[in-house]
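So you know, we letter chains A, B, ... as the sequences are listed, proteins then strands, and number each from 1. Everything numeric here is computed off the predicted structure, so don't read it as measured data.
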Amino acid sequence: MATRYDPQTAEPKWREAWDEAQLFRTKSPKDAPGAPKAYVLEMFPYPSGRLHMGHVRNYAMGDVVARHKRAKGFNVLHPMGWDAFGMPAENAAMERGVHPGSWTYQNIAAMKAQFLKLGLSLDWSREFATCDPEYYGAQQALFLKLMDKGLVYRKASKVNWDPVDNTVLANEQVIDGKGWRSGAPVEQRELTQWFFRITQYAEDLLERVQKLERWPEKVRIMQANWIGRSQGALIWWPIAEAPDFLPPSPEGEPNHATDPIEVYTTRPDTLFGASFLALAPDHPLTKAIAGHRPDVAAFVKECSTMGTSEVEIEKAEKKGVDLGVSVRHPFDPDWILPVWTANFVLSSYGTGAIFGSPAGDQRDLDFARKYDLPVTPVVLPPGAEAATHSIDDEAYTGPGQIYNSRFLDGLSTQDAITSAIEELVKLGRGKATTQYRLRDWGVSRQRYWGCPIPVIHCESCGVVAVPEDQLPVQLPDDVTFDKPGNPLDRHPTWKHVDCPKCGKPARRETDTLDTFVDSSWYYARFASPEDMGERAYWLPVDQYVGGIEHAVLHLLYSRFFARAMRDVGELDLPSGEPFAGLFTQGMVTHETYKSASGQWLQPSEVEQVDGSWAEISTGAPVKPGPIEKMSKSKKNTVDPDAIIAQFGADVARWFVLSDSPPERDVEWTQAGVEGAARFAQRLWSVFDALGDLPETAPGHDAESMVVRKASHKAAASIDKAIEEFRFNSGVATIHEWVTALKKAESAPESAIGARFEGASMLARCLTPFMPHLAESCWERIGGEGFVSAAPWPVIDKVLTEDDTVTMAVQVNGKRRAEITVLKGEANDVVEAAALAEPDVASYIAGKSVKKTIVVPGRIVNIVVA
RNA sequence: GCCUCUGUGGCGGAAUUGGUAGACGCGACGGAUUCAAAAUCCGUUUCUGGCAACAGAGUGCCGGUUCGAGUCCGGCCAGGGGCACCA
């Protein structure tokens with residue numbers, strides 16, 4: 001009598017049993033002698049309170065890898081924790097009056113309950129939240145060590161300032177240049193802030209990222225571009241004329257009236273196309289002039305009403321003001337150029353000053369056209385004529401031959417760069433230099449819910465580290481969020497402390513650390529809360545899994561932190577690379593729905609009737625919209641809890657792994673998840689049918705061999721699919737395998753042994769995907785112990801290989817026939833067989849065979865004329 | 001604006017290094033089972049023409065390299081991710 005698989009009873013049963021047996025508890029290195037280690041880590045979640053399908057997909061993928069590694073005999077570390085500091089907790093505090101701490105810990109509890117239902121093979125004994133004082137205390141100790149090592153410093157830097165709320169805004173809190181709550185236009189404001197000296201490692205971060213072979217190519221490219229190493233030149237432009245109001249500066253300080261302007265360029269070959277200099281609005285010379293020129297001051301102010309994000313700066317219209325200063329060309333003292341200030345020059349890159357060579361740079365060209373500055377083309381594109389080539393509204397930025405450039409004429413771009421630098425050096429007007437786009441990492445945040453920076457400001461001693469025995473510097477609990485600004489700063493007592501050095505009254509630092517700091521070393525904490533030996537054993541992470549949105553920042557910061565920790569003796573990891581393997585998975589998307597009145601509707605509120613959509617409650621027509629990333633605002637989310645309650649966790653896991661390649665987006669569909677549920681029953685029926693039969697050894701008759709070959713081929717292909725992160729292919733193979741085993745149910749009794757063998761292998765290959773169902777299947781056919789603890793099936797290579805191969809025969813590149821030949825058959829025999837094929841013969845009749853290409857085991861192409 | 005990735009049937013996608021395009025799944029259609037339905041099982045399903053055998057076209061668009069291109073090269077178009085205070 002056939003039975004149905006009931007996930008609602010089976011899933012909790014198995015999870016309890018696993019828990020009881022402590023199946024996923026990490027073994028210490030000494031308890032796993034001889035076993036290779038595998039550290040499998042998924043990016044830990046922000047505890048928003050609810051699990052979403054993106055989480056399910058992320059953690060299902062990591063779990064496939066972890067379970068597979070375990071079955072292959074690895075000693076596995078697969079931990080989980082919470083990235084628990086951040087703005088949403090403060091927003092909740094402002095909106096609902098809940099304390100960020102209790103909000104966060106409640107969310108963690110709720111999410112963990114959901115997590116546990118997924119049947120992930122996680123070791124929860126290592127769980128922590130980054131807002132636990134033990135964790136952020138350790139982070140503060142680390143901060144102080146970096147400070148000792150000179151990797152931490154303070155400098156002035158710009159923030160988005162809301163002048164109404166008197167508070168610092170994150171980029172996402174700036175909407176169309178206005179504060180998200182006050183609606184007031186945002187200003188730039190300079191604050192003294194803490195920085196990590198990530199640029200000290202720029203060269204190493206760049207060099208090694210290219211060698212991370214198990215990272216996606218695109219992430220390596222994005223990181224390399226982000227670091228942005230460039231070879232160029234520093235050029236000093238002597239001042240020709242400056243306004244009289246620029247006063248002589250005191251001894252030892254820059255003299256704006258006479259000091260040459262330093263410019264960085266990667267294109268010294270275009271120096272003869274220069275038509276102006278442009279300085280950043282916050283360049284010292286600009287500022288000095290702004291003090292005397294209202295129009296310049298107004299322009300600087302206008303620039304400071306822009307946000308600090310790069311997008312805004314880049315998209316803004318190119319604008320500037322002539323500063324009334326002029327400089328001499330480094331190659332010709334009689335050539336005088338004007339100096340402007342311009343909004344597209346960034347003070348944070350290079351020297352904050354550029355020379356404009358409009359023909360070879362789009363921004364310079366836009367600027368030159370706007371203010372009617374000269375445009376002299378100096379690079380001749382390949383194939384262009386000097387007499388006719390001209391620049392209109394499009395700059396030519398590519399390589400070519402230099403012209404209009406005196407001693408550089410006729411040189412290639414590359415040679416001209418070299419010659420120009422040589423000449424600059426000879427004249428004492430410049431030098432070659434290497435520049436990075438990467439900037440030091442600003443970590444100060446004027447917020448409450450983050451890790452306090454463990455320093456004290458003393459009027460006599462300056463910046464003093466909090467002594468180690470006073471760590472952690474804990475966040476005070478009694479804070480209010482009734483007004484904007486940093487609650488730590490306005491707390492009545494917290495910041496008032498005595499200086500640890502001189503004992504006089506002093507002030508605690510009230511900035512907290514960027515939450516990216518928390519996630520930059522959590523992988524090391526998981527590897528060992530204390531014991532450094534275990535850290536060395538587990539790291540680097542062998543397989544890291546997470547979203548592509550972290551391709552640059554989180555991953556780069558983590559790579560920096562691993563190096564910094566290594567260099568202060570906190571991590572024994574010579575390479576400084578925390579993640580040996582990286583996989584970036586795609587998002588979970590869903591169709592969106594809008595009611596006639598334009599309201600977003602949830603998938604559970606709509607139904608499809610006769611091909612068109614309608615609201616379930618009212619029957620009103622619904623407009624289906626584009627397929628987008630699941631988000632609360634668009635209401636196109638599906639609650640994992642509801643799916644698990646209806647279909648079980650295995651089906652949810654199966655679905656998110658099945659349809660799309662892991663690195664791409666997957667579209668959640670009701671039909672798809674129903675199909676997954678159907679398949680789970682079908683798979684169960686294979687085992688159910690075998691369960692009461694007597695198990696025998698697999699036979700050698702034809703029917704048995706068909707089954708055995710199918711099983712061994714399938715297992716080998718699933719193994720490979722998992723290794724290569726092609727889980728969707730693994731799923732497809734399991735589908736085919738089940739179909740083969742279903743077919744074998746009508747085979748003679750002699751094949752029962754082969755069916756048992758196949759089922760036993762299948763249960764083990766299924767475990768990484770649908771672990772609960774796999775346990776039930778394993779149990780049904782009398783498997784020993786837990787399938788979750790069973791080794792990966794042994795694959796008989798002989799059974800995975802065929803002795804014949806089917807090859808396509810093409811005539812002039814078009815497929816015309818198929819032939820089956822022995823594997824390894826000689827090319828001339830294959831060719832003869834192809835020519836003898838009747839379908840082929842008719843195509844070559846009356847024509848002469850010019851050439852025959854035989855690709856062994858693949859294809860024969862006959863070229864006729 | 002800059003960096004980066006993606007584009008294949010009605011839909012999600014498969015296709016080792018350039019070698020039989022459409023595996024597998026969803027949906028649809030047809031059939032079996034059933035008093036009926038659900039569930040299940042079997043079959044068909046890229047498009048166009050044709051009763052069929054078969055022929056032609058076809059991997060976002062345009063062009064190129066090659067005996068052979070989804071795959072490589074050049075140019076476009078569309079969509080996604082990132083751009084340093086969202087995580």
Side-chain angles (χ1 to χ4, degrees), chain A residues 2 4 43 45-46 48 83 85-88 159-160 168-174 193 198 216-219 221-222 224-226 228 308-316 318 344 348 362-363 437-447 514-516 518-519 547-554 556-557 584 586-587 589 626 628-629 655 658-661 663-667 669-676 678-679 681-682 685 720 724 726 728-729 731-736 739 742 806-818 850-853 855 857-863:
Chain A
R4 283 184 70 76
M43 292 178 185
Y46 179 80
S48 58
D83 188 14
F85 275 135
M87 292 203 305
V159 293
N160 297 309
V168 177
L169 298 177
N171 280 339
E172 75 156 7
Q173 296 173 321
V174 179
Q193 309 204 72
I198 188 172
E217 176 73 13
K218 64 172 167 180
V219 176
I221 293 171
M222 278 194 263
N225 287 337
W226 188 261
T308 57
S309 81
E310 194 189 312
V311 193
E312 268 190 85
I313 294 162
E314 286 286 329
K315 276 194 164 171
K318 312 289 172 274
F344 62 92
S348 55
Q362 194 58 47
R363 287 175 305 187
R437 203 185 76 100
L438 181 68
R439 310 200 293 262
D440 276 335
W441 174 15
V443 292
S444 283
R445 297 293 180 270
Q446 295 70 36
R447 296 181 207 292
D514 178 5
T515 55
F516 269 125
D518 312 335
S519 55
I548 182 68
E549 65 273 20
H550 295 291
V552 177
L553 294 180
H554 162 61
L556 190 64
Y557 292 154
T584 53
M587 301 176 299
T589 61
E628 296 192 54
K629 176 182 177 170
F655 179 75
S658 65
D659 250 12
S660 287
E663 68 277 14
R664 276 210 239 155
D665 293 351
V666 64
E667 189 198 346
T669 60
Q670 186 65 19
V673 73
E674 281 165 9
R678 231 171 9 244
F679 177 73
Q681 293 300 337
R682 186 170 150 82
S685 75
K720 196 161 175 249
E724 294 172 2
R726 293 182 295 106
N728 55 325
S729 298
V731 164
T733 304
I734 291 175
H735 272 283
E736 287 173 346
T739 302
K742 274 302 243 189
T806 304
M807 293 172 67
V809 183
Q810 298 183 332
V811 179
N812 284 351
K814 276 200 188 299
R815 197 184 80 93
R816 296 299 180 189
E818 228 171 49
K850 294 187 73 172
K851 193 173 177 183
T852 308
I853 294 123
V855 183
R858 289 192 199 283
I859 205 164
V860 181
N861 191 10
I862 300 159
V863 185

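Atom-to-atom, CG of L438(A) to P of rA84(B) comes out at 13 Å; the value is rounded to the nearest Å. Between R682(A) atom CZ and rU40(B) atom C1' the separation is 10 Å, expressed in whole Å. Put simply, NE2 on H735(A) is 14 Å from P on rA23(B), counting in whole angstrom units. Rounded to whole Å, atom P of rA87(B) lies 8 Å from atom CZ of R445(A). The distance between atom CD1 of I734(A) and atom P of rC24(B), rounded to the nearest whole Å, is 15 Å. One interatomic measurement links the two molecules: CZ of F655(A) to C1' of rG13(B), which rounds to 12 Å at whole-angstrom precision. The separation between N171(A) atom CG and rG82(B) atom P is 13 Å, rounded to whole Å. The separation between R437(A) atom CZ and rA84(B) atom P is 9 Å, rounded to whole Å.
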Derivation and outcome, side-chain contact (heavy atoms from CB on, under 4.5 Å), residues I548(A) and M222(A) = CA-CA 11 Å; I548(A) 182 68; M222(A) 278 194 263; 4.1 Å; yes

message = side-chain contact (heavy atoms from CB on, under 4.5 Å), that's the test. Do I734(A) and F679(A) meet it? Break it down for me.
response = CA-CA 10 Å; I734(A) 291 175; F679(A) 177 73; 3.9 Å; yes

request  = Please assess E310(A) against R437(A) for the test salt bridge (Lys or Arg N to Asp or Glu O under 4.0 Å), listing each intermediate value before the final yes or no.
outcome  = CA-CA 13 Å; E310(A) 194 189 312; R437(A) 203 185 76 100; 3.6 Å; yes

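To the nearest whole angstrom, the two C1' atoms, one in rG81(B) and one in rA15(B), are 26 Å apart. Distance check on atom C1': rG58(B) versus rU8(B) gives 10 Å, rounded to whole Å. Nucleotides rC86(B) and rU20(B) are separated by 48 Å at their P atoms, to the nearest Å. Taking atom P on both nucleotides, rA38(B) is separated from rU33(B) by 15 Å, rounded to a whole Å. Comparing the same atom, C1', in rG13(B) and in rG9(B) gives a spacing of 11 Å after rounding to whole Å. Atom P of rU44(B) sits at a distance of 12 Å from the matching atom of rA23(B), rounded to the whole Å. One P atom belongs to rA69(B), the other to rC61(B), and the distance between them is 15 Å to the nearest Å. The same atom, C1', is picked in rC29(B) and in rG10(B); the two are 13 Å apart, to the nearest Å.
Look at rG9(B): its glycosidic torsion is within 90° of 0, and that puts it in the syn range.
Using a 4.0 Å heavy-atom cutoff across all strands shown, E736(A) reaches sugar-phosphate atoms only and no base atom. Nucleic acid contact for Q193(A): base, since at least one base atom lies under 4.0 Å from a heavy atom of the residue. In this structure, Q173(A) reaches neither bases nor backbone, as no heavy-atom distance under 4.0 Å exists between it and the strands shown. If you check every strand for non-hydrogen atoms under 4.0 Å, V809(A) touches nothing. Nucleic acid contact class of V731(A) (heavy atoms, under 4.0 Å, all strands): none. If you check every strand for non-hydrogen atoms under 4.0 Å, T733(A) touches nothing. Using a 4.0 Å heavy-atom criterion, one finds that P661(A) contacts the sugar-phosphate atoms exclusively. Using a 4.0 Å heavy-atom criterion, one finds that H554(A) contacts no nucleic acid atom at all. Contact annotation for R816(A): backbone-only contact, meaning every heavy-atom pair under 4.0 Å involves sugar-phosphate atoms and none involves a base. Contacts of G547(A) with the nucleic acid, taken as non-hydrogen atoms under 4.0 Å apart, are absent. Here F516(A) lies in heavy-atom contact (under 4.0 Å) with a base. Contacts of T852(A) with the nucleic acid, taken as non-hydrogen atoms under 4.0 Å apart, are absent.
Of the two residues near RNA chain B, S658(A) and G675(A), the one whose nearest nucleotide lies more 5' is S658(A). In this structure, V855(A) and I548(A) both approach RNA chain B, and ranking their closest nucleotides by distance from the 5' end singles out V855(A).
In terms of modelled atom types and a separation under 3.5 Å, the side chain of D83(A) and the main chain of P45(A) share no donor-acceptor contact.
The nearest pair of heavy atoms linking Y46(A) to P88(A) is OH-CB, 3.4 Å. For the residue pair E818(A) and T806(A), the shortest heavy atom distance occurs at CG-CG2, 3.6 Å. Pairing each heavy atom of K218(A) with each of T584(A), the nearest pair is CE-OG1, 4.3 Å.
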Nucleotides 1-10 of chain B: which of its N/O atoms have a protein N/O under 3.5 Å away?
from	atom 1	to	atom 2	distance (Å)
rG1(B)	O2'	E314(A)	OE1	3.2
rC3(B)	O3'	N225(A)	ND2	2.8
rC3(B)	O2'	N225(A)	ND2	2.9
rG7(B)	OP1	R664(A)	NH2	3.3

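No donor-acceptor contact under 3.5 Å links the side chain of R858(A) to the base of rU16(B).
For N728(A) and rA14(B), the shortest distance from a side-chain N or O to OP1 or OP2 is below 4.0 Å. Taking only side-chain nitrogens and oxygens, T515(A) comes nearer than 4.0 Å to OP1 or OP2 of rA87(B). Put simply, R439(A) has no side-chain N or O that comes within less than 4.0 Å of OP1 or OP2 on rA84(B). Contact annotation: K814(A) does not reach the phosphate of rG19(B) (side-chain N/O to OP1 or OP2, under 4.0 Å).
Residues forming a side-chain contact (heavy atoms from CB on, under 4.5 Å) with S444(A) (at least two apart in sequence, or on another chain): Q193(A), W194(A), Q446(A), I453(A), D511(A). Remark: R816(A) engages no residue in a salt bridge (charged side-chain N to carboxylate O under 4.0 Å, His left out) (not counting sequence neighbours). Residues forming a side chain to side chain donor-acceptor pair (under 3.5 Å) with K742(A) (at least two apart in sequence, or on another chain): S685(A).
For the pair R682(A) and T739(A), the minimum side-chain heavy-atom distance is below 4.5 Å. The closest side-chain heavy-atom distance from N812(A) to V863(A) is below 4.5 Å. Side chains of N171(A) and V311(A) form no contact here, defined as non-hydrogen atoms less than 4.5 Å apart. Between F516(A) and V443(A) there is no side-chain heavy-atom pair separated by less than 4.5 Å.
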query = Going 5' to 3' along nucleotides 64-69 of chain B, which nucleotides have protein heavy atoms under 4.0 Å from the base (write B), which only from the sugar-phosphate (write S), and which from neither (write -)?
reply = ---BS-

remark   = For RNA chain B, the dot-bracket notation using Watson-Crick and G-U wobble pairs below 3.5 Å, [ ] for pseudoknot-type crossings and | for other-strand pairs, is (((((((..(((......[....)))((((((.......))))))((((....))))..(((((..]....))))))))))))....

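Out of rG82(B), rA14(B), rU20(B), the shortest distance to the side chain of S729(A) is found at rA14(B).
Note that the CZ atom of R726(A) and the NZ atom of K720(A) stand 6.0 Å from one another [nearest 0.5 Å].
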